[in-house]
Amino acid sequence: DYYTEMWQQRLFRRDKVPTQVGRCHPHFDPQLEKVALDLGMKVKNTELRLRHYGYFEPLRRPKLERAARLLALELRERPGQLYYRIEYGRTLLQLGNKEGHDVLLDSALEVLGASAANTPPTSLVAPLFEYLLSVPESNWPQGWSFVRLKELIEKWTPNSPPLIYLLAGRAFQSGDFTSARLRLEQLVEMGRTGDYDHQTGFNPAILGDETKLNLGAVCIKLADLDRAEALLKSLQEGPLATQAKANLDAIVGIRSEFTTAPAG
């Protein structure tokens, strides 16, 4: 019951669509949205849901190895595709191949070159930004900085849960608890409404209990003990109950420390 919901085009008219391209993750070129617009039609969401278990162990590594072979072949046949280069780099890293790091950094340079555009050059900029945030800035390509990356996240991927989560962590580590709280509150709201970017997968825990626990800790730092207590009490029956209780005990200690004794 613990899953990420993603939107993918899986149901389409056979008589009005272009040919799919790509050896791995095939897609329409031109995109179906453009084809529909030209035909006076629309691409709409359905209520259909497909459950995908393709990367559970022990299936994961063989599927990644297959994907890496297909992606390498795709890039050899049709080089210069940013989407597939990012996907290839990510796949190599998941297989433990450090070459993926160089592929992603080269991709980051191309993305930086397109940074003046109002829309991202590929739907995979969010996972690429995730990778940049996961490695030291000293490893970033020339021209990138945290300020520039943050600007592009706000412009291109403002509703990406993993990026919001990583930015919250950075804010917390730097002592900016107010910014960390705002981003964590945003994630809690996204988990409640489902209003977030569904284009890429991520760990669904960051829209649930894990973020509530972190938000509770941030609220303690900001002395908002009532909000922290409400969040932590909601976790008492779940898998994070032990951590929640430890923070609730800390709140009790803080309150007792600052309670003024009655005059004698």
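Residue numbers count from 1 along this sequence.
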What side-chain donor-acceptor pairs closer than 3.5 Å can you find for residues 211-220, not counting sequence neighbours?
from: T211; atom 1: OG1; to: I206; atom 2: O; distance (Å): 2.6
from: N214; atom 1: ND2; to: Y165; atom 2: OH; distance (Å): 3.2
from: N214; atom 1: ND2; to: E210; atom 2: O; distance (Å): 3.4

(Q) Holding to ring pair (Phe, Tyr, Trp, His ring centres under 6.0 Å), I want the full list of residues that pass it with F146, two or more places apart in sequence or in another chain. (A) none

Could you go through residues 181-190 and list every donor-acceptor pair under 3.5 Å that involves a side-chain atom there, pairing it with any protein atom two or more places apart or in another chain?
from: R181; atom 1: NH1; to: D224; atom 2: OD2; distance (Å): 2.9
from: R181; atom 1: NH2; to: D224; atom 2: OD2; distance (Å): 3.0
from: R183; atom 1: NH1; to: E154; atom 2: OE2; distance (Å): 3.4
from: R183; atom 1: NH2; to: E154; atom 2: OE2; distance (Å): 3.1
from: E185; atom 1: OE1; to: R227; atom 2: NH2; distance (Å): 2.7
from: E185; atom 1: OE2; to: R227; atom 2: NE; distance (Å): 3.2
from: E185; atom 1: OE2; to: R227; atom 2: NH2; distance (Å): 3.4
from: E189; atom 1: OE1; to: R192; atom 2: NE; distance (Å): 3.1
from: E189; atom 1: OE2; to: R192; atom 2: NH2; distance (Å): 2.6

**Q.** Check: W144 side chain, A108 main-chain N or O, donor-acceptor pair, under 3.5 Å
**A.** yes

Q: Share the residues that join L48 in a hydrophobic cluster, the rule being Ile, Leu, Val, Met, Phe, Trp or Tyr side chains under 4.5 Å apart at the heavy-atom level.
A: L11

Q) With sequence neighbours excluded, what pairs up with T200 under the side-chain contact (heavy atoms from CB on, under 4.5 Å) test? A) L124, P127

Q. Are any of the side-chain heavy atoms of L235 and Q243 separated by less than 4.5 Å?
A. no

Q. For D15, does the CG atom sit with more than 12 other heavy atoms under 6.0 Å from it, leaving out its own atoms?
A. yes

Q | Residues which pass side-chain contact (heavy atoms from CB on, under 4.5 Å) with V252, listed by chain and number, not counting sequence neighbours | A | none

Q | H198: partners by ring pair (Phe, Tyr, Trp, His ring centres under 6.0 Å), with sequence neighbours left out | A | W7, Y196

Q. Hey, is the main chain of R78 close enough, under 3.5 Å, to the side chain of Q81 for a donor-acceptor pair?
A. yes

Q) With sequence neighbours left out, what residues match K245 under salt bridge (Lys or Arg N to Asp or Glu O under 4.0 Å)? A) D249

(Q) Go through it in stages, so that I can follow the logic: the residues are Y84 and H25, the test is ring pair (Phe, Tyr, Trp, His ring centres under 6.0 Å), and I'd like the CA-CA distance, side-chain angles, deciding distance and then a yes or no. (A) CA-CA 9 Å; Y84 283 112; H25 304 303; 7.3 Å; no

Q. If you draw a 6.0 Å radius around CG in D195, do more than 12 non-hydrogen atoms from other residues or ligands fall strictly inside?
A. no

Q: Among H27, E33, Q31, find the one that has a side-chain hydrogen bond (donor to acceptor under 3.5 Å, both in side chains) with Q9.
A: E33

Q. Closest heavy-atom contact between R23 and L70?
A. O-CD1, 3.8 Å

Q. Under 4.5 Å between side-chain heavy atoms, hopping through other hydrophobics if needed: is there a path connecting I254 to L248?
A. yes

Q: Please report the closest heavy-atom contact between Q199 and Q8, naming both atoms and the distance.
A: O-NE2, 4.1 Å

Q) Who pairs with L95 by side-chain contact (heavy atoms from CB on, under 4.5 Å), at least two apart in sequence or on another chain? A) R61, L64, E65, A68, T91

**Q.** Contact summary for P161 and F202, nearest pair of heavy atoms
**A.** CG-CZ, 3.7 Å

Q. How about I251 and N247: do any of their side-chain heavy atoms sit closer than 4.5 Å?
A. no

Q. Does any non-hydrogen side-chain atom of E74 lie less than 4.5 Å from one of C24?
A. no

Q) Between atom CG of L132 and atom OG of S145, what is the distance when rounded to the nearest 0.5 Å? A) 11.0 Å

Q. Same cluster for I153 and L207 if Ile/Leu/Val/Met/Phe/Trp/Tyr side chains link at under 4.5 Å?
A. no

Q. Taking only residues two or more places apart in sequence, or in another chain, which ones meet Y88 in a ring pair (Phe, Tyr, Trp, His ring centres under 6.0 Å)?
A. none

Q) Looking at A126 and S160, what are the two nearest heavy atoms and their distance? A) CB-OG, 4.0 Å

Q) How does the hydrophobic cluster around L32 look, that is, which other residues are in it when side-chain heavy atoms under 4.5 Å mark a link? A) F12, V17, F28, V43

Q | For T178, side-chain contact (heavy atoms from CB on, under 4.5 Å) partners two or more places apart | A | D176, L222

Q.
Check for me, please, whether I164 and F172 land in the same ILVMFWY cluster - side-chain distances under 4.5 Å, paths through other members count.
A. yes

(Q) Set out, in order, the CA-CA distance, both residues' side-chain angles and the distance that settles salt bridge (charged side-chain N to carboxylate O under 4.0 Å, His left out) for R255 and D226, then state yes or no. (A) CA-CA 11 Å; R255 282 184 167 145; D226 290 342; 2.7 Å; yes

Q.
Which heavy atom of V135 sits nearest to which heavy atom of W140, and what is that distance?
A. O-NE1, 3.4 Å

Q. Is it true that atom NZ of K155 has more than 12 heavy atoms of other residues, nucleotides or ligands lying nearer than 6.0 Å?
A. yes

Q: Determine the minimum heavy-atom distance between G22 and P26, stating which atoms define it.
A: O-CB, 3.6 Å

